[in-house]
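To start, the structure itself, in structure tokens.
Both counts, for ligands and for their atoms, begin at 1 and track the order of listing.
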Amino acid sequence: MSFTAPITLPGLALDPQWHRRSVFYEVMVRSFMDSNGDGIGDLAGLISKLDYLQWLGVDALWLPPFFQSPLRDGGYDVADYTAVLPEFGTVEQFRELVTKAHERNMRIVIDLVINHTSDQHPWFQASREDPEGPYGDYYVWSDTDEKYENVRIIFVDTEESNWAFDPVRRQFYWHRFFSHQPDLNFENPKVHDEIFDVVRFWADLGVDGFRLDAIPYLYESDGGSGESEPPTHHFIAKLRAMMDREYPGRVLIAEANQWPNEVAEFFGTDEQPECHMAFDFPVMPRIFYALRSQQATELQRQLSEEVAAPEGSAWGVFLRNHDELTLEMVSEEYRQAMYGWYAYDPRMRANIGIRRRLAPLLDNSRAELELAHALLFSLPGSPFLYYGDEIGMGDNIWLPDRDSSRTPMQWTPDRNAGFSHADPGKLYLPVVQSLVYHYNQINVESQLAQSRSLLHWIRNVIHVRKAHPTFGLGTMRVLETDNESVLAFVREYEGTGTHLGDAPERILCVFSFAHNPVAARIIAPGLEGAELSDLFGGAPFPAVGADGAVTLTMGTQSFYWLHVGDSTGVGASA
Ligand SMILES: OC[C@H]1O[C@H](O[C@H]2O[C@H](CO)[C@@H](O)[C@H](O)[C@H]2O)[C@H](O)[C@@H](O)[C@@H]1O
Ligand SMILES: [Ca+2]
């Protein structure tokens, strides 16, 4: 892929690898900061908090939809792709956000929700009213609701069919998600043109990337599963080609809740590249499984089988996001175990998953929060944080659907957690006031004032990660251990063009999920005789033996990131 065209975005240098070096931060405009006291977060509020995000070490923001929408699915029901929802601000303010982010060397990624629109979108209104008109074929219409019977239902809590009857057109329309989200008809080339124009609109405003929402579901066919069908890949390849031609350096991120070998197809091929990044869905629930089961084996197996992202591409790793903690990528047995540990109250469940935030899932255990983040920041790929998780925000399971984890950001112990000066009753969602996670205690201001707070800890780890490009750019080798609670892998990078000069770097990462201290023997072929030292404080550790093994003692639910130095000479082969 070439990057010959100049990139003129303010404040940003051309960096074809930026997405592989970045720490991403998902921030919902509605939830972060309200600038005008109407109780709803907005773009001006987000702009006012860019300094905080820069301080934290964030390199790129991912903004879920902020477009015109009836907000029946958190904005994933778009009614106008090129208009900002008035409560959030204006296109001009969005341009200002991009400029100010770029000035701080931060990039902006936005959601591209193209599988479906809101039923309020003028295209759908025109389509239902005038089947022969210019929009008649923009959606998937049928006289029967018996087509595509092999296609599963995704929102099992609310939907009984992927078809809904429209009383105006007197036909059924296809929808993979809520019935108020009709699927666009990608068989219609005019739909492709419309989507390309939407991409150009936002790319011209300077966005650095697009998260392709629900991307496997663009096409369906008779007898097919409606997931990742060949024409879906052809469309993405066509979109990528346009991006490379017209907007080199901007990235596409696939949101495909599937197994790694299926998701990996969204990277495309050398000849027909598709996405630069894809979210890693299977790894995430296995981290949570390991924390409760004290077994690293399933996570170790998954990581060993992990498909390496092709040259120049990256996985996106995450612990939580704005959706439920999806359990689609685990077996029924594991799913039931996880419901038992993490969703013991049925109210905590949504579809096939758990609608809770990170800190409550981990019972506010500092050890577990650190362990989970240490994994997040050292697994291959780029980490995605979810707003508020850096301070251990709580949730509100009495709110409907996934709103449980979309409450206002907690900035201070003051009114509305410093999020808004509106009357508290006017907020788009109430601030969290539960016993453990009340905004009086859990907020940015008080954590800034405590040097050992979770916020400072996470910031420190982010900065350590960023000082070692191996985490973003290196390969991973999973190692054998003699303790099934302990996971170990080595990250290796040839080291060109980093602060290390051209020196290669190796980092041994070890994690114990045991609920008591343990010792583990780690077999590290290739590291025979190597010296080890702690990446944080530099303290020396026992060297790897001549047999390539090292025994480490680990505290309860703890981890090490160890710099692998030169061989001590003990049994070193060369
Ligand atoms: O636009 C509809 C939905 O699209 C994304 O959905 C993803 O989340 C679902 C769970 O909420 C998941 O089951 C599905 O596999 C994903 O594609 C988006 O992130 C959702 O917020 C949105 O409702
Ligand atoms: Ca506002």
Short list, please: which atoms of ligand 1 are under 4.0 Å from a heavy atom of [X]?
X    : value
A214 : 17 (O)
E328 : 13 (O)
E255 : 5 (C), 6 (O), 7 (C), 8 (O), 16 (C), 17 (O), 19 (O)
H116 : 1 (O), 2 (C)
I154 : 13 (O)
H322 : 18 (C), 19 (O), 20 (C), 21 (O)

Ring center gap for [X] and [Y] short of 6.0 angstrom:
X    : Y    : answer
W62  : F279 : yes
F32  : W411 : yes
W341 : Y289 : yes
Y81  : H121 : yes

Row check, [Y] ring normal vs [X] NZ/CZ: under 6.0 Å, within 45°:
X    : Y    : answer
R349 : Y339 : yes
K238 : F196 : yes
K190 : W123 : no

Original post:
What does the angle at the Ca ion (ligand 2) come to, between atom OD1 of N36 and atom OD2 of D42, rounded to 10°?
Top reply: 90°
**OP:** Kindly report the OD1-the Ca ion (ligand 2)-O angle for D38 and I40 respectively, rounded to 10°.
**Re:** 90°
What protein heavy atom lies closest to [atom]? Include the residue and the distance to one decimal.
atom                    : answer
atom 12 (C) of ligand 1 : N257 ND2, 4.2 Å
atom 10 (C) of ligand 1 : E324 OE2, 3.0 Å
atom 8 (O) of ligand 1  : D323 OD2, 2.9 Å

Could you tell me whether ligand 1 has any atom less than 4.0 Å away from a heavy atom of [X]?
X    : answer
D73  : yes
R176 : no
R72  : no
D213 : yes

Subject >> Name, closest N/O/S atom of D34 to the Ca ion (ligand 2) >> reply: OD1
Subject >> Ion pair check, R128 and D166, cut-off under 4.0 Å >> reply: yes
Subject >> E26 bridged to R211 by N-O distance under 4.0 Å >> reply: no
Original post:
Would you call the rings of W202 and F94 parallel, tilted or perpendicular if under 30° counts as parallel and over 60° as perpendicular?
Top reply: perpendicular
Original post:
Do the rings of F266 and H233 sit parallel, tilted or perpendicular, given the 30° and 60° boundaries?
Top reply: tilted
**OP:** List the steps, then state whether side-chain hydrogen bond (donor to acceptor under 3.5 Å, both in side chains) holds for Q171 with S142.
**Re:** CA-CA 6 Å; Q171 274 189 311; S142 165; over 6 Å; no
Taking 4.0 Å as the limit for heavy-atom contacts, which would you say applies to [X] with ligand 1: side chain only, backbone only, both, or neither?
X    : result
I352 : neither
F155 : side chain
Q258 : neither

Original post:
Short N/O distance, under 3.5 Å, between R402 and ligand 1?
Top reply: yes
